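On a predicted model such as this, the values are computed, not experimentally measured, just so you know. Counting begins at 1 with the first residue of the sequence. Every number for a ligand or one of its atoms is a count from 1 in the order of the listing.
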Amino acid sequence: MKIIDILRQDKVTLSFEVFPPKTSDTYEVVAQATHEIAALKPDFMSVTYGAGGGTSAHTVNIASELSEQYGVDALAHLTCVSSTKEHVKNMLAQLKDKGIQNILALRGDIPEGGAPASDYRYAAELVRDIKSQGDFCVGGACYPEGHVESANKAEDIRYLKEKVDAGCEFLTTQMFFDNHILYNFLYRIREQGITVPVVAGIMPVTNVKQIKRITSMSGTYLPERFKAIVDRFGDNPAAMRQAGVIYATEQIIDLIANGVNHIHVYSMNRPEIAAGIQASLSEILG
Ligand code: FAD
């Protein structure tokens with residue numbers, strides 16, 4: 001099923017994410033985690049794409065296992081930052097061949113040494129190519145706090161509108177830890193005529209290392225309430241995991257209560273975290 005048709009239904013949706021293994025010898029570990037998360041029967045699952053495309057075959061395989069073996073609709077990520085048109089054409093042929101209908105079209109992060117030679121500069125160009133080469137449902141990324149490279153939020157939203165006009169049918173947000181940031185963002189994009197469904201991306205932060213990585217990479221705002229949790233439980237892995245799952249769950253409940261119906265959990269190949277969040281929402285999800 002196409003993700004857009006799932007999002008158009010008048011219901012709350014919960015989706016999870018897995019990332020492919022970096023090397024083939026850990027494929028089975030990821031396949032097992034995927035299997036356990038898929039057994040929770042989320043509305044759909046996304047499979048990320050390794051920067052540089054070196055693990056692209058794993059993304060295609062895991063996405064196709066999701067739909068073929070577990071009956072869960074799959075959203076395959078695809079980046080273009082170091083891609084040629086030929087490589088994209090090849091990836092689209094593989095995805096079509098495996099019956100995958102949904103693609104999250106991304107630029108990918110620019111490597112430290114600068115942008116590599118590529119046929120693409122921005123995700124909108126990839127969106128156009130995908131739409132012209134098959135009957136795919138295409139989504140894109142968006143940034144409630146603004147993308148790190150953007151001069152300001154208004155400029156980022158202007159380019160986001162171009163991406164949607166290029167054929168993006170839905171958007172998934174970067175993680176955020178203060179829901180007011182999302183509400184403000186939704187107001188601003190709607191005002192600029194971006195009307196496609198927005199899926200709120202929630203990251204359950206379950207260890208201190210993760211927090212350091214998040215803040216150094218994306219500069220995401222951490223509310224005082226969140227920092228207090230890290231200060232108090234950061235040295236106790238089990239307590240931090242529990243508190244992180246509860247924080248994410250409370251964020252989700254507040255989002256749903258305020259009319260944000262589509263929630264994507266960055267479940268990071270951790271079935272127990274996906275299951276913990278889903279169990280706490282059982283009556284809310286209906
Ligand atoms: P774009 O939409 O191209 O935007 C990138 C920057 O360029 C923004 O600052 C934008 O404002 C600006 N811009 C856009 N168009 C123009 C223009 N015409 N002129 C000037 N500036 C412009 N990375 C991976 O490697 N693999 C993944 O699987 C992956 N999944 C992700 C999933 C989500 C939900 C999110 C939020 C991010 C994901 N990323 C992934 C990270 C993503 O690739 C990076 O954040 C990347 O830096 C930007 O990608 P984008 O598709 O948003 O780029």
Side-chain angles (χ1 to χ4, degrees), residues 3 7 15-22 30 44-56 58-60 62-63 74-83 87-88 91 95 100 102-112 114-116 118-130 138-176 181-182 185 188-189 192 194 196-203 213-214 216-220 262-269:
I3 303 291
L7 300 179
S15 51
F16 295 123
E17 182 161 298
V18 288
F19 57 84
K22 289 203 173 66
V30 177
F44 64 91
M45 278 173 72
S46 73
V47 188
T48 66
Y49 192 85
T55 58
S56 59
H58 296 325
T59 297
V60 177
I62 291 170
L75 169 63
H77 294 203
L78 180 62
T79 69
C80 62
V81 70
S82 54
S83 256
H87 178 73
V88 166
M91 285 302 299
L95 291 166
I100 295 158
N102 305 294
I103 303 177
L104 195 73
L106 300 142
R107 186 197 65 182
D109 284 324
I110 307 278
E112 267 181 25
S118 164
D119 288 342
Y120 297 90
R121 283 175 64 203
Y122 301 109
E125 297 157 21
L126 178 64
V127 172
R128 274 185 213 106
D129 271 7
I130 299 173
V138 180
C142 65
Y143 303 83
E145 297 181 57
H147 183 261
V148 277
E149 290 165 32
S150 284
N152 54 56
K153 286 185 191 171
E155 181 192 277
D156 202 30
I157 291 174
R158 228 178 18 253
Y159 290 129
L160 185 61
K161 174 82 167 63
E162 282 185 17
K163 189 157 68 176
V164 170
D165 290 345
C168 245
E169 290 158 86
F170 67 95
L171 297 167
T172 305
T173 76
Q174 171 75 293
M175 71 188 85
F176 55 91
I181 292 173
L182 182 80
F185 173 73
R188 292 182 73 163
I189 63 168
Q192 294 307 312
I194 298 174
V196 295
V198 174
V199 182
I202 296 296
M203 170 73 90
R213 201 171 52 239
I214 291 164
S216 70
M217 271 171 52
S218 56
T220 305
H262 307 302
I263 310 292
H264 185 66
V265 176
Y266 294 114
S267 42
M268 312 286 290
N269 299 1

Check whether any side-chain heavy atom of [X] sits under 4.5 Å from a side-chain heavy atom of [Y], and report yes or no.
{"X": "Ile103", "Y": "Tyr49", "answer": "no"}
{"X": "Asn152", "Y": "Glu155", "answer": "yes"}
{"X": "Pro21", "Y": "Ile62", "answer": "yes"}
{"X": "Leu160", "Y": "Gln192", "answer": "no"}
{"X": "Asp156", "Y": "Tyr143", "answer": "yes"}
{"X": "Cys142", "Y": "Phe185", "answer": "yes"}

What part of [X], side chain from CB on, backbone N/CA/C/O, both or neither, has a heavy atom under 4.0 Å from ligand 1?
{"X": "Arg107", "result": "both"}
{"X": "Tyr122", "result": "both"}
{"X": "Arg121", "result": "neither"}
{"X": "Thr79", "result": "side chain"}
{"X": "Tyr143", "result": "side chain"}

query = Hey, are Thr48 and His77 close enough side-chain-wise for a donor-acceptor pair under 3.5 Å?
reply = no
Under the 3.5 angstrom rule, does the side chain of [X] hit a backbone N or O of [Y] as a donor-acceptor pair?
{"X": "Thr79", "Y": "Arg107", "answer": "no"}
{"X": "Thr173", "Y": "Gly201", "answer": "yes"}
{"X": "Lys163", "Y": "Ala141", "answer": "yes"}
{"X": "His262", "Y": "Leu7", "answer": "yes"}
{"X": "Ser118", "Y": "Val81", "answer": "yes"}

Test of proximity, [X] against ligand 1: N or O pairs below 3.5 Å:
{"X": "Glu149", "value": "no"}
{"X": "Gly108", "value": "yes"}
{"X": "Thr48", "value": "no"}
{"X": "Thr172", "value": "no"}
{"X": "Tyr266", "value": "no"}
{"X": "Ala123", "value": "yes"}
{"X": "Gln174", "value": "no"}

query = What's the shortest heavy-atom distance between Gly140 and Leu104, and which atoms?
reply = N-CD1, 3.5 Å
May I ask you to list the atoms of ligand 1 that are less than 4.0 angstrom from any heavy atom of [X]?
{"X": "Leu104", "value": "32 (C)"}
{"X": "Asp109", "value": "43 (O), 44 (C), 45 (O), 46 (C), 47 (O)"}
{"X": "Asp156", "value": "8 (C), 9 (O), 10 (C), 11 (O)"}

message = Measuring from atom 30 (N) of ligand 1, which candidate in His77, His264, Glu155 has the nearest non-hydrogen atom?
response =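 Checking each option, the heavy atom nearest atom 30 (N) of ligand 1 is found in His77.
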Counting non-hydrogen protein atoms only, what is the nearest one to [atom]? Give residue, atom name and distance.
{"atom": "atom 35 (C) of ligand 1", "answer": "Ala141 CB, 3.6 Å"}
{"atom": "atom 21 (N) of ligand 1", "answer": "Tyr159 CE1, 3.3 Å"}
{"atom": "atom 26 (N) of ligand 1", "answer": "Tyr49 O, 2.8 Å"}
{"atom": "atom 6 (C) of ligand 1", "answer": "His147 ND1, 3.6 Å"}
{"atom": "atom 31 (C) of ligand 1", "answer": "Leu106 CD2, 3.6 Å"}

query = For atom 2 (O) of ligand 1, is the nearest protein heavy atom under 4.0 Å away?
reply =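 Yes.
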message = For Tyr120, state whether at least one heavy atom is located under 4.0 Å from any atom of ligand 1.
response =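 Distance cut 4.0 Å: Tyr120 fails for ligand 1.
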request  = Enter the distance from Leu95:CG to Leu78:CG here, rounded to the nearest 0.5 Å.
outcome  =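 Spacing of CG (Leu95) from CG (Leu78) equals 7.0 Å.
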